[in-house]
Structure formats: structure tokens, C-alpha cells
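All values derive from a computational prediction rather than experimental measurement.
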Amino acid sequence: MVVVDRVGLVSHWSRGAGRLFGVTKEQAIGRPAADLLPVSGALPDDGDTRPYGVHAAYDGLGPDLESSLDGGLSYPAAGRARLTLPGADRADVLWWAYPLVGPGQERLLVLAADADGLHRDLDLDEGTGAVERIAPAFALHTDFPGADELARRLPEILPSMSVGESARIVAQILELGYPVLEFSQNDRVPVTPDWGVPRRAERKARRERAARAAAEGLPVAQGDQDEGEDLEYVAVRERLEFLNEVSGKIGTSLDLSRTIVEVSKAVVPRFTDVAGTYLREQVVAGEGFPDGVPDTTTMWHRVALEHTDEPGRWDDVVPVGEAMPFPAHTPFFQCMTSGEPVLVPRISEQMGHAIASQFEKRDIRPLITGRSMLVVPLKARNVVLGFMILLRHPERVEFNDMDRVTGAELAARAGLVLDNARMYTFQESVAETLQDSMLPHIPPRMAGCDIATRYLPGTLLGRVGGDWFDSVKLPGARTALVVGDVMGHGLNSAAMMGQLRTAVQTMAALDLPPAQLLRNLDDLAQRLGDSYLATCLYAVYDPIASELHIANAGHIPPVIVRASDGRSELLELPTGAPIGVGGVPFEAVRVRVEPGDRLLMCTDGLVEVRGEDIGVGLATLTESAAHPAASMDDACDAIIRALNTRGGRKDDVALLMARLNGIAPDDVAEWRIRLDPAEVGRARAAVREQLHDWGLAKLADGAELMVSELVTNAVRHSHRRPVELRLVRGDTLLCEVDDDDHDLPNLLSAGPADEQGRGLRVVSTLAREWGASRTKAGKTVWFELTLPRR
């Protein structure tokens with residue numbers, strides 16, 4: 001490796017150059033490059049002595065170095081020289097010259113290699129032309145501290161590059177101080193690539209004909225004039241412009257479907273006439289897939305097909321969306337297992353038949369036979385995500401080795417873009433699944449109330465947050481309504497939210513008063529750690545008493561919309577400190593409500609906008625909540641639209657609306673049962689009579705039997721207080737039995753000789769739903785029956 005400055009002096013001479021030319025670095029630096037490198041096409045005279053004993057002869061393969069050394073070339077060149085070195089045989093040297101563009105003094109980078117050594121290492125035969133395709137290894141004889149670390153990290157941003165290849169590139173950058181402008185992972189990139197221009201052998205023959213014509217005094221044919229170098233420069237520029245153009249067209253979004261279409265449209269018709277894109281089944285589904293090479297069982301989805309044929313010609317034969325495996329004998333299988341492009345200059349009749357055999361009852365041969373095909377893998381991070389099948393019309397020039405290299409580079413860029421979209425889709429799916437699993441699916445109707453909810457993620461890139469809502473069925477036909485907000489975003493906040501929500505459900509089932517529940521929740525947050533704070537609003541609605549019992553832990557107040565006059569207002573509650581502060585008391589208040597009133601609870605993400613007083617958002621919330629709507633869902637959507645149009649919202653939003661319908665006194669029947677076994681018969685008769693009065697005679701037999709079992713147990717285990725029996729007619733028939741015993745009953749497996757343990761088994765079998773919970777005075781055991789259709 002040699003660097004020449006703008007005045008023709010050597011500014012860098014590597015150890016490899018010293019071994020090849022027999023000149024040390026100290027001897028070479030500052031000397032004219034023309035004295036050290038082969039620059040002439042004439043053989044040296046016997047009396048000609050170059051400094052340091054370097055003799056060279058140029059054999060006519062490409063331009064000589066003199067043109068490059070004097071600044072005559074502005075594009076890469078290559079050549080071959082025979083050198084006579086002191087004390088050694090004549091050496092056959094291949095050289096490459098790369099002009100350097102930049103603000104520094106360096107003008108030319110020259111790489112040279114021992115041709116005989118390359119032939120031995122690569123097992124190449126003379127005359128095959130394969131040497132022309134050798135891309136020289138960079139800086140094989142350099143060693144710098146820190147190079148290993150840089151080489152290990154370079155593949156992170158250039159996934160198609162191996163660690164070994166990156167090590168050579170890093171060494172070049174460290175030693176020369178110049179960036180690598182373009183690099184391909186394939187060692188098949190010629191210095192002067194062939195893109196629609198004559199091959200090197202053709203140009204050489206043309207020059208020889210021109211030289212013979214000039215020697216014989218004949219006119220030189222126009223076609224033999226040497227314009228190849230200019231054409232080659234244009235060809236290289238066209239290739240780079242094409243790849244840059246494609247890179248600009250793909251990856252404009254993280255949407256997987258849109259990215260697939262962009263990749264397909266980018267190559268048709270400029271590079272190919274037909275482009276079919278196949279992706280792994282798991283990639284399309286946004287799922288992960290096992291490591292390892294794909295096999296014949298791997299399913300590939302045809303996700304896009306772009307072509308220049310007449311419309312509809314491909315649609316019926318190879319429709320988009322079809323999934324299929326590929327046999328091992330196909331070029332597609334070879335591509336996806338090797339991770340390398342597969343070039344088929346022309347699809348023969350035999351290959352066309354082999355490919356078409358996969359398509360049942362469809363003859364694909366007319367579409368592919370006779371066409372040139374290039375199959376390129378869509379890889380990212382050394383994993384094959386899919387592949388592209390590129391086809392050219394028979395009348396178009398067939399794909400060649402340079403097209404293979406260009407296609408590989410194109411596929412590498414497309415693969416990285418697709419992988420980014422795939423990973424984003426996968427993460428979105430995981431986040432959405434996690435959020436859905438943590439947020440409850442609340443039934444639209446609870447005892448005495450209708451409920452509607454909404455959840456909105458904070459940003460498009462953050463699907464997971466700490467906001468939540470919930471409703472819990474309580475004894476006495478009551479319902480607990482909860483809205484909370486863990487401060488922060490991301491998985492940690494979501495995990496904390498999940499823990500708090502579970503704790504609220506558990507404590508609500510114990511029928512703790514709102515203030516006591518928040519007190520216990522604060523203690524739990526203290527035990528979980530002091531990294532997070534949360535606000536919470538907890539309300540218990542009693543539809544029989546038409547009352548709300550509410551406690552607040554640092555949350556924004558709820559809105560109540562009165563059914564009588566449509567007036568809406570913020571409920572004034574003791575604010576309280578957020579959950580996790582510790583040592584702060586909580587207070588609860590009772591609010592009278594009427595049937596038809598609506599309660600609106602939300603998190604601050606709905607009303608809070610950066611740079612704006614939260615009071616503005618609360619006023620907008622109160623005003624929008626008062627607007628009439630056809631349904632609860634419509635009312636929620638109207639509120640979201642009113643608050644979401646202001647812009648600047650970045651926080652999550654949880655919204656819960658409950659219409660408090662209440663339960664009419666005529667739909668409730670209650671009895672007090674003395675602690676006397678004879679009272680069980682009175683309870684059965686009272687239940688049967690009440691169900692007949694309500695028009696629910698069909699439920700009388702089953703309800704009577706279950707009430708008998710529950711009242712018998714209650715009378716047997718109660719201590720002093722009479723047993724209370726209550727029937728509530730709503731969306732279901734609810735029956736509750738209260739006593740002063742705190743031990744909850746258990747469902748047992750009774751044997752043939754057992755006298756006890758069958759009562760709850762009967763209730764469990766006949767009831768739509770049943771349960772038991774502790775109360776202040778003891779416990780409540782309840783069951784529900786589905787009302788008959790009218």
C-alpha cells in the first residue's frame with residue numbers, strides 16, 4: 001500500500017510494500033513515486049538503474065501508472081507489471097490505483113499484490129480472467145491499538161460485514177486517516193465494473209486493432225477508438241446513483257407493509273422487470289422465529305409482486321398472500337440457506353418445469369422460462385428474513401456478475417430496513433399484548449350501572465404505560481370503580497401498574513372502605529420500593545342507597561353529570577397524597593347521586609398539556625362531559641375528541657365513565673331470619689312468593705333450593721346477629737345471605753357416607769355465578785341466576 005501526494009512524492013509506504021518492492025519505509029518516504037513504482041510500458045535497458053534496484057515493465061493490461069501519477073486519471077485504474085528486484089527473480093505484480101478526493105495533500109492510493117501469490121492462494125488458472133475480479137485486501141500488514149474493538153463494533157452499523165472484513169477496513173482507516181467511501185462484502189467487485197460497457201478483453205482487442213491500423217497507416221475504425229475508460233466511469237457512477245436512489249426510496253416509515261411495497265417498487269423497472277418478495281411466516285406475523293438456517297418446512301409468504309407485464313398476468317398464477325415452502329433443489333432454497341445471491345442467466349425449460357412443479361394446478365412456465373433470474377437474500381444481522389426473485393424479459397440483457405453484486409448490496413440495504421420494520425412491528429405487538437393483558441375487559445353492565453372505558457397510549461412509540469382503570473363486583477349489588485396512574489412510562493411503569501391493580505382487586509374483594517384500601521395500597525407501594533409514585537381514585541357505588549363513597553390519592557377529581565338538569569361539575573374531594581409517599585392519611589366522602597347521573601373518572605394525560613394550566617383542561621373536560629350523546633361510547637368519543645384536538649398530549653390516557661342507573665326499591669326484597677332452623681322453611685316460602693310476584697316463577701325451584709342451603713348454613717354458624725336474606729332483581733337475579741361468622745365457606749368433595757359438604761356443591765352447579773366475601777360484621781355468601789327471556 002502506497003500513498004502519493006499532490007507533487008508526486010511518496011507520503012506512505014506500508015510494510016507490505018517494503019516486502020514486495022524490496023525498499024524500506026525510511027528509504028521510500030519523500031521520494032518521487034515514479035522512481036519506485038512501475039510507470040512505463042517499455043522494458044528497461046540493461047544500463048538503466050532505478051533507485052533501490054526496482055525495474056519494471058508494463059505489459060499493456062489497462063493504463064500505466066504514469067497516467068495516474070501525473071493526475072491524468074480521475075477514476076480507479078489497474079495494471080500489471082514485471083519487476084526485477086535485487087537478488088530475486090522477476091516478480092509479476094498486479095496494481096490498483098485509486099484517486100483520493102479531499103482537502104488533504106494526498107492524491108493517489110496505490111495497492112499492489114504479488115500475482116503469483118494470488119494465483120497460489122486462490123487456485124486460479126492463468127488466462128481465466130478471474131484475477132480481474134480480485135478486490136485487494138486492505139492493510140493486511142498493519143497493527144494498531146484499539147483496532148480489535150473498532151472492528152468488533154463496525155458490523156453493528158454495517159450488518160452485512162463480517163468481523164474479519166471490518167478489521168481490514170478499520171486498519172485502513174487507522175493507518176491512512178481516510179474514510180472508506182464504498183465497500184461491498186463480495187470479493188467480486190472489479191475496479192472497472194461491467195454495466196452495459198464492453199468487457200476488458202474486448203477493449204484490449206479493440207486497442208490492438210487500432211494500434212495495428214496506425215502502424216500500417218490505415219484509418220482507425222470508429223468502434224475501435226478507446227472510449228472504454230469514460231464509459232466505465234459512467235457505469236460506476238450509474239451503479240452508485242442507483243443504489244443511493246433506492247436507499248432514499250425505502251425505509252420512509254416503520255410500517256412493515258409499506259416498507260415491503262417500497263422495496264419492490266424501487267427496483268422495477270430500472271433494475272428488473274419482475275420483483276417478487278417472500279418473507280418468513282413469522283416475519284409477516286410480527287413474531288420471533290428460531291435460530292438456524294431455514295429448511296424445506298419453512299413457510300414463505302409472498303408479500304409483494306411488482307412487474308411491468310400487462311396487468312393481471314401474474315395475479316391469478318402467483319397471488320400475493322400465498323404461503324408455501326420451497327424444495328431443496330430450487331435456486332430459492334439455495335439462496336435462503338446459503339445467504340448468498342443465486343444467478344441464473346437464463347431459465348431453461350428443465351429448470352422452468354422444476355420451479356413450476358411447486359404450483360399445483362397452475363402453469364407458471366410461460367411466465368419464467370427464457371428469462372434471466374437473480375435471487376437475492378433479504379438478510380439482517382446474519383439472519384435470512386426472506387428473499388427477492390428478480391426476473392428480466394428475454395429481450396433484455398441478462399443478469400451478470402456485477403448485477404449479482406449490485407443485487408446483493410440492494411438486498412442488504414432492504415433487509416436492514418425490513419428488519420427494523422419487523423422489530424418495530426414485533427415490539428408493538430408485544431407492547432399491545434402486554435397492555436391488553438394488564439388492562440381489564442370490563443363488562444358494559446354491572447349491578448345498577450353501565451360502564452364505558454377508553455385507553456390511549458402516550459405516543460406511537462410507547463404502547464405501554466402506567467395508567468389503568470377497573471371495576472370490581474362487591475357484596476350488596478355494589479360496584480367499585482377505580483382509575484390510577486403510575487408516574488412514568490415504559491415497561492417498569494406498566495409492571496408497577498399491574499402490581500397495584502392486582503392489589504386493588506384483592507383488597508376490594510375484601511370490601512375494605514375506600515380510605516382504608518388506599519392506606520393499604522400506600523403501604524404496599526412502600527414495600528415494593530420508592531422508585532415510583534402513583535395516583536389513584538377509588539369509588540364504591542351503592543345503587544340501592546344511591547350513594548358514592550369516594551377516596552382520592554393525589555388524583556385529579558372526577559366529574560359528575562346530573563341527569564336532572566344536565567349540569568356537570570368537578571367533585572370536591574380531599575386530595576390526599578400520591579400512593580408511595582407514605583405516612584399520609586386518606587379521607588373518604590359520601591356523595592348522593594340520582595338514577596341517570598354519570599360519573600367520569602380519567603387520568604391527567606387527558607386534561608394536561610405542556611405549557612398550559614391544568615385548569616383549562618379540567619374546564620374543557622367538564623364542559624364536554626355535559627354534552628348529550630346517543631350512547632356511553634359516543635359520549636366517551638366526544639370527550640376524547642374535545643380534549644385531544646388541543647395538541648401537545650404525550651401522556652397515556654385512561655377514561656372510565658359510569659351511568660349510575662340505580663336499583664328501584666321495588667326490585668329489592670329483604671328479610672331478617674332468626675337463628676332458628678325452623679326459619680329456613682319461612683325463607684324458602686318468602687323467596688318463592690317474591691319470585692312469583694316479579695314474574696320469575698321459572699326460577700323459583702332452583703332459587704328456593706339454593707336459598708335453603710345458604711340459610712341453613714348461616715343459621716347453623718351465626719353467633720348472635722340474625723341472618724339477613726336479600727333478593728335483587730336487575731340484569732340478573734342476585735341472592736345474598738349475610739351472617740356474623742367470619743369464616744368463609746369452602747367447596748368440598750362429599751363422599752357417599754358424608755352428611756355435610758353438599759350444599760355449596762348444589763349452589764355451584766345450579767348458579768350462574770356465586771361467591772363469598774368478608775364484611776365488617778361477618779361474611780356474605782351470594783349467587784346469581786340468569787333471568788329468563790321475555
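Taking a 6.0 Å sphere around CZ of Arg721, one finds it holds more than 12 heavy atoms contributed by other residues, nucleotides or ligands. More than 12 heavy atoms of other shown residues, nucleotides or ligands fall within 6.0 angstrom of atom CD in Glu769.
How far CZ of Arg684 is from CG of Leu725: 12.5 Å, rounded to the nearest 0.5 Å. If you take CG on Leu599 and SG on Cys449, they are separated by 9.5 Å, rounding to the nearest 0.5 Å. Considering CG of Leu570 and OG1 of Thr622, their distance stands at 4.0 Å, rounded to 0.5 Å. The line from OG1 of Thr575 to CG of Leu573 is 8.0 Å long, rounded to the nearest 0.5 Å. Separation of atoms CG (Leu606) and CG (Asp485) is listed at 11.5 Å; rounding is to 0.5 Å. Atom CG of Asn746 is separated from atom CG of Leu760 by 8.5 Å, given to the nearest 0.5 angstrom.
For Asn552 (side chain) and His555 (main-chain N/O), a donor-acceptor pair under 3.5 Å exists by modelled atom type. Of the possible donor and acceptor atoms, one in the side chain of Thr506 sits under 3.5 Å from a partner among the backbone N and O of Thr502. Within the 3.5 Å criterion, the main-chain N or O of Ala545 finds a donor-acceptor partner in the side chain of Arg592. Arg688 places no side-chain N or O within 3.5 Å of a backbone atom of Ala685 that could act as its donor or acceptor partner. When atom types are taken as modelled, the side chain of Trp782 and the backbone of Ser773 share no donor-acceptor pair closer than 3.5 angstrom. Side-chain N or O atoms of Arg519 include one that pairs as donor or acceptor with a backbone N or O of Val584 at under 3.5 Å. Under the 3.5 Å distance criterion, the side-chain polar atoms of Asp740 are matched with a main-chain donor or acceptor of His719. Of the possible donor and acceptor atoms, none in the side chain of Tyr538 sits under 3.5 Å from a partner among the backbone N and O of His549. Not one N or O on the side chain of Glu784 forms a donor-acceptor pair closer than 3.5 Å with the backbone of Arg768. With hydrogens and angles disregarded, no donor-acceptor distance shorter than 3.5 Å links the side chain of Thr479 to the backbone of Tyr541.
With no hydrogens or angles considered, a side-chain donor-acceptor pair links Asn520 and Gln516 at under 3.5 Å. Thr603 and Asp467 share a donor-acceptor pair across their side chains, judged by distance under 3.5 Å alone.
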Next item on the list: May I have the step-by-step check of side-chain contact (heavy atoms from CB on, under 4.5 Å) for Val607 and Thr620, ending in yes or no?
Entry: CA-CA 8 Å; Val607 298; Thr620 305; over 6 Å; no
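A salt bridge links Glu569 with Arg567: the closest approach of a Lys/Arg side-chain nitrogen to an acidic carboxylate oxygen falls below 4.0 angstrom. Here Asp738 does not pair with Arg726 in a salt bridge; the nearest charged N to carboxylate O distance is not below 4.0 Å. Using a 4.0 Å cut-off between charged side-chain N and carboxylate O, Arg641 and Asp637 make no salt bridge. A salt bridge links Asp741 and Lys779; the closest N-O separation between the charged side-chain nitrogens and carboxylate oxygens is under 4.0 Å.
In plain terms, the two heavy atoms of Val482 and Trp468 that are nearest each other are CG1-NE1, 4.1 Å. A pairwise comparison of heavy atoms in Leu571 and Val591 identifies CD2-CG1, 4.3 Å as the closest pair. Residues Phe783 and Ala767 come closest through the heavy atom pair CB-CB, 3.9 Å. For Val781 against Pro745, the heavy-atom pair with the smallest separation is CG2-CG, 4.0 Å. Here the shortest heavy-atom pairing between Arg729 and Leu696 reads CD-CD1, 4.1 Å. The heavy-atom pair separating Val680 from Ser708 by the smallest distance is CG1-OG, 3.7 Å.
Proximity of Val593 to Arg562: side-chain heavy atoms (C-beta onward) are separated by under 4.5 Å at one or more points. Residues Leu481 and Ile451 meet the side-chain proximity criterion, which asks for heavy atoms closer than 4.5 Å.
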